[in-house]
Amino acid sequence: MTPRVSIVLPAFNAEETLANALDSLLVQSLTDFEILVIDDHSKDGTLDVAASYLRNDSRVKLLQRDRNGGAAAARNLGFRSAKGKWLALLDADDTFAPDRLRSLVARAEKDEAHIIADNLRFVSMPGGAATGTALKAEDSIFAGPVSAARFVRGNLFLYRGFKLGYLKPLFRRRFVEQHRLQQNEALRIAEDYHFLLDALLCGGRFLVVPEAGYFYAQRPGSLSRGLTLEDLDQLSTANRLDLLRASPQGGADLRAALNKRQWSVDLNIRLMEFQEAVKRRRVWDAGSIFARNPNLTPYLAFYGLESLRKRLSGERRLV
């Protein structure tokens with residue numbers, strides 16, 4: 001019998017958090033699901049934790065990668081193995097509210113959506129205290145289907161505010177398979193953003209609801225990711241491919257949004273090069289980068305100097 005939802009849960013060295021994530025799934029009000037835990041070649045006790053749940057509940061399935069490939073590779077393995085009508089994503093350190101799957105599936109099927117997401121609730125760990133939501137209740141994104149252009153504009157580097165790529169949508173599996181969608185395994189950041197954008201470029205109808213049913217754990221360092229120039233170069237390449245795919249029929253609004261994101265990623269590359277030159281006390285290199293990119297000025301003032309302070313002090317910077 002086909003389950004209603006397949007929950008794809010990548011896990012890498014997640015022995016301390018995986019049980020909490022799985023427990024939140026086993027108390028869902030919608031019970032017709034399968035859980036696909038994908039172990040990404042962990043070196044700790046992640047496999048033992050997953051195996052203990054596998055023995056006690058037939059809905060839990062364990063997939064293993066023979067080498068570490070990152071979250072995108074693990075999710076793609078889960079997508080290929082999934083049997084459910086809907087694909088849900090859960091990270092191993094996060095949890096679902098008990099009614100999340102039931103409410104999202106019901107709304108998506110009622111409104112004939114291909115993709116649906118809810119607000120995120122930030123939870124401070126350890127302790128579990130709620131610290132707020134990602135999107136304000138009055139955000140216009142809740143008003144109706146989200147276009148590709150609106151989604152891209154909500155994912156610009158060097159701009160303040162929550163990035164929509166952090167949302168954790170449900171996808172109709174038939175739609176994903178029909179369009180042969182998969183996550184870009186070359187990316188170590190923003191793979192979720194590109195996967196959702198690919199779905200939108202294929203005509204996916206995307207809704208976002210204001211209820212916050214995904215609990216996004218914030219641990220010391222957990223939201224910090226040391227961006228590298230290689231990360232950003234890969235993002236720049238992926239964005240250029242998006243621009244080619246969007247083509248003239250994608251509309252001027254979408255092309256403008258994609259160009260703006262491309263500009264923001266490339267400017268971030270220049271900003272990182274400037275920071276590295278300053279950090280290594282290569283004054284002439286830093287001056288040359290700044291001279292060629294005078295539009296760095298406001299970002300150095302509002303973002304770059306703070307990021308540079310963290311880098312020089314050894315702190316990790318937020319993405």
Begin with the C-alpha distance, continue with both residues' side-chain angles, and end with the deciding distance and a verdict on salt bridge (charged side-chain N to carboxylate O under 4.0 Å, His left out) for Asp32 and Lys85. CA-CA 11 Å; Asp32 184 12; Lys85 295 179 180 178; over 6 Å; no
Given the rule in the side chain to side chain contact (heavy atoms under 4.5 Å, CB included) test, do Arg102 and Gln28 qualify, once you have shown the distances and angles that lead to the verdict? CA-CA 8 Å; Arg102 187 203 62 78; Gln28 287 293 302; over 6 Å; no
Go through the steps to decide whether Asp23 and Tyr53 satisfy the test side chain to side chain donor-acceptor pair (under 3.5 Å), and finish with yes or no. CA-CA 9 Å; Asp23 286 344; Tyr53 282 82; 2.7 Å; yes
Starting from the C-alpha separation in whole Å, work towards a yes-or-no answer on side chain to side chain contact (heavy atoms under 4.5 Å, CB included) for Leu87 and Phe79. CA-CA 8 Å; Leu87 300 171; Phe79 295 158; 3.9 Å; yes
For side chain to side chain contact (heavy atoms under 4.5 Å, CB included), just list the numbers for Arg245 and Asp198, CA-CA rounded to whole Å, side-chain angles, deciding distance to a tenth of an Å, and then say yes or no. CA-CA 9 Å; Arg245 289 185 58 214; Asp198 286 346; 2.6 Å; yes
Do Val8 and Ile38 pass the side chain to side chain contact (heavy atoms under 4.5 Å, CB included) test, and can you show the C-alpha distance, the side-chain angles, and the key distance before you say yes or no? CA-CA 8 Å; Val8 177; Ile38 305 96; 3.6 Å; yes
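Checked by atom type and distance alone, the side chain of Ser6 pairs as donor or acceptor with a backbone atom of Gly84 at under 3.5 Å. Side-chain N or O atoms of Arg280 include none that pairs as donor or acceptor with a backbone N or O of Arg282 at under 3.5 Å. Using a distance-only test at 3.5 Å, with no hydrogens or angles considered, a donor-acceptor pair links the side chain of Gln234 to the main chain of Ala186. With hydrogens and angles disregarded, a donor-acceptor distance shorter than 3.5 Å links the side chain of Thr131 to the backbone of Phe122. Formation of a donor-acceptor pair under 3.5 Å by the Asn13 side chain with backbone atoms of Lys43 is found in this model. Here the side chain of His114 pairs no donor or acceptor atom with the backbone of Arg172 at under 3.5 angstrom. No side-chain donor-acceptor contact under 3.5 Å links Ser236 to the backbone of Asp266. In this structure a side-chain-to-backbone donor-acceptor pair under 3.5 Å is missing from Asn239 to Gln262.
Residues Leu167 and Ala117 approach most closely at CB-CB, 4.2 Å, considering heavy atoms. Here the closest heavy-atom approach between residue Leu181 and residue Cys202 is recorded as CD2-SG, 4.0 Å. Nearest heavy atoms, Glu191 versus Gln183: CG-OE1, 3.3 Å. Here the closest heavy-atom approach between residue Ala21 and residue Asp94 is recorded as CB-O, 3.3 Å. The shortest non-hydrogen separation linking Lys83 to Arg173 is O-NH2, 3.0 Å. Counting all heavy atoms, side chain and backbone alike, Arg121 lies closest to Ala130 at CD-CB, 4.0 Å.
Between the side chains of Asp39 and Thr46, no donor-acceptor pair is found at a separation under 3.5 Å. With hydrogens and angles left out, the side-chain atoms of His194 and Asp242 include a donor and acceptor closer than 3.5 Å. For the residue pair Ser124/Gln218, the side-chain donor-acceptor check at 3.5 Å is not satisfied. In this structure, a donor-acceptor pair under 3.5 Å is present between the side chains of Glu185 and Asn76. Between Arg107 and Ser103, the side chains place no donor N or O within less than 3.5 Å of an acceptor N or O (distance only, hydrogens not considered). Asp118 and Tyr214 share no donor-acceptor pair across their side chains, judged by distance under 3.5 Å alone. Thr228 and Asp231 share a donor-acceptor pair across their side chains, judged by distance under 3.5 Å alone.
Using a 4.5 Å heavy-atom threshold, the side chains of Glu211 and Asp99 count as separate. Using a 4.5 Å heavy-atom cutoff, the side chains of Leu200 and Val152 are not in contact. Contact check for Leu135 versus Pro210: no side-chain heavy atoms found under the 4.5 Å cut-off. A 4.5 Å side-chain heavy-atom check between Ser288 and Arg292 finds at least one atom pair inside the cut-off. Between Leu22 and Ile35, the closest side-chain pair of non-hydrogen atoms falls below 4.5 Å. You'll find the side chain of Phe96 reaches within 4.5 Å of the side chain of Leu25, heavy atoms only. In this structure, Val146 and Leu207 have side chains that are not in contact, with every pair of non-hydrogen atoms separated by 4.5 Å or more. Side-chain contact between Leu235 and Ile189 is present, with at least one heavy-atom pair separated by less than 4.5 Å.
Clustering ILVMFWY residues whenever any of their side-chain heavy atoms sit less than 4.5 angstrom apart, transitively, puts Phe12 in a cluster other than the one holding Val37. Hydrophobic clustering (ILVMFWY, side-chain heavy atoms < 4.5 Å, transitive): Ile7 and Leu26 are in one cluster.
Just one residue in the list Asp139, Asn119, Leu120, Thr133 forms a side-chain contact (heavy atoms from CB on, under 4.5 Å) with Phe162, and that residue is Leu120.
The pair Arg150-Asp253 does not meet the salt-bridge criterion, since no charged nitrogen lies less than 4.0 angstrom from a carboxylate oxygen. Under the 4.0 Å criterion applied to side-chain N and carboxylate O atoms, Arg75 and Asp40 are not assigned as salt-bridge partners. Checked for salt-bridge contact, Arg174 and Glu177 miss the test: no charged N lies under 4.0 Å from a carboxylate O. For the pair Arg205 and Glu112, the salt-bridge criterion is not met [side-chain N within less than 4.0 Å of a carboxylate O]. The pair Asp192-Lys168 counts as a salt bridge, with a side-chain nitrogen and a carboxylate oxygen less than 4.0 angstrom apart.
Using bins of under 30°, 30° to 60° and over 60° for the plane-to-plane angle, the ring pair Trp263/Tyr159 lands in the perpendicular bin. Ring-plane geometry between Tyr193 and Phe151 is classed as parallel, the angle between the planes falling under 30 degrees on a 0 to 90 degree scale with a further cut at 60.
Remark: Arg261 is not positioned above the aromatic ring of Phe157, lacking an NZ or CZ atom under 6.0 angstrom from the ring centre and at most 45 degrees off the axis.
For Glu16, the CD atom is loosely surrounded, since the number of other residues' heavy atoms within 6.0 Å does not exceed 12.
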